[in-house]
Structure formats: C-alpha cells, structure tokens
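Here's the structure we're looking at; comments come further down.
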Amino acid sequence: MLNIIVIVLCVSIFVRLFTYQREGATFSRLKSGLAVIAMVCCGSAVIHIVTGELVVAIEAWPLVALLAFLAAATMRCGGNIAAVLRGPDAWDGRRDRRQPRP
C-alpha cells in the first residue's frame with residue numbers, strides 16, 4: 001500500500017516540477033539544479049518500486065508522510081522550488097507590526 005502512495009506522490013512532484021513555467025521569475029542555477037535533483041530522485045524511486053528493487057516497509061510511514069508534505073508544498077507553490085524552500089508567503093514581520101497611534 002505504501003508503495004502505491006509513494007509512486008503517486010513522486011509522480012505528482014515530478015510532473016509539477018517538470019511543468020513549471022517561469023513567467024518572469026529570475027533564473028538561478030542552484031535552484032534549477034535542486035529541481036533537477038528532486039525530479040531525478042522522484043523518477044528513480046518510481047522506477048525502483050515498479051521494477052521491484054525497492055519495497056517501502058510499513059515502518060517507513062514517517063518518510064512517506066514527509067514526502068506527502070513535500071508534494072503538498074510543491075503543489076501549493078506551483079512547482080517553484082525556490083518558493084518551496086522559502087515558503088509561499090515569506091514572512092518579513094511588517095504586516096504584524098503595530099501601527100503608530102495618531
């Protein structure tokens with residue numbers, strides 16, 4: 001059962017990162033490299049599970065949960081790996097500061 005969940009999560013991450021459209025976002029070799037590494041890891045995990053070389057044990061459920069959080073963050077940020085790393089709403093504290101009284 002966990003094998004199927006991992007396959008679905010890895011395929012969803014791979015497809016979302018692969019179909020990312022920059023639309024004015026700045027280019028960074030490091031972030032692009034991280035996205036490629038993530039896609040290679042997800043793709044190889046799917047291949048190893050499908051060929052039977054990798055079986056996800058029931059004791060690995062925390063890793064599957066972590067993969068689910070990564071998949072959710074990737075989907076929420078639209079496949080932008082930079083936004084996944086910093087979060088969709090980078091907090092700078094300005095909106096929570098008290099406004100001066102008149």
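- With sequence neighbours left out, the side-chain contact (heavy atoms from CB on, under 4.5 Å) criterion links Leu70 to Ile13, Thr74, Val84.
- Under the 4.5 Å side-chain contact rule for hydrophobic residues, Val50 and Phe14 share a cluster.
- Atoms CD and CG, on Gln21 and Asn80 in that order, are 12.0 Å from each other to the nearest 0.5 Å.
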Which side-chain N or O atoms in residues 24-33 pair as donor and acceptor under 3.5 Å with protein atoms at least two apart or in another chain?
unit_1	atom_1	unit_2	atom_2	d
Ser32	OG	Ser28	O	3.0

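- Smallest separation of non-hydrogen atoms from Val46 and Cys10: CG2-CB, 3.6 Å.
- Atom CG in Leu67 sits 4.5 Å away from atom CG in Leu9 (nearest 0.5 Å).
- Summarising the geometry, atom OH belonging to Tyr20 is positioned 10.0 Å from atom SG belonging to Cys77; distances are rounded to the nearest 0.5 Å.
- Residues satisfying the side-chain contact (heavy atoms from CB on, under 4.5 Å) criterion with Phe69, sequence neighbours excluded, are absent altogether.
- A donor-acceptor distance shorter than 3.5 angstrom exists from the side chain of Asn3 to the backbone of Val56, with no hydrogens or angles considered.
- Once rounded to the nearest 0.5 Å, the distance linking CD1 of Ile37 with CG of Leu17 reads 12.0 Å.
- Residues in residues 57-73 take part in no side chain to side chain donor-acceptor pair (under 3.5 Å) pair, two or more places apart or across chains.
- The stretch residues 44-54 participates, sequence neighbours left out, in these side chain to side chain donor-acceptor pair (under 3.5 Å) pairs: His48-Glu53.
- Under the side-chain contact (heavy atoms from CB on, under 4.5 Å) criterion, Val36 pairs with Met39, Val40, sequence neighbours left out.
- The hydrophobic clustering, which links ILVMFWY residues whose side-chain heavy atoms are closer than 4.5 Å, places Leu66 and Leu54 apart.
- Note: Ile49 CD1 to Ile4 CD1 = 10.0 Å, rounded to the nearest 0.5 Å.
- In terms of the side-chain contact (heavy atoms from CB on, under 4.5 Å) criterion, residue partners of Thr19 (sequence neighbours excluded) are, by chain and number, Val15, Arg16.
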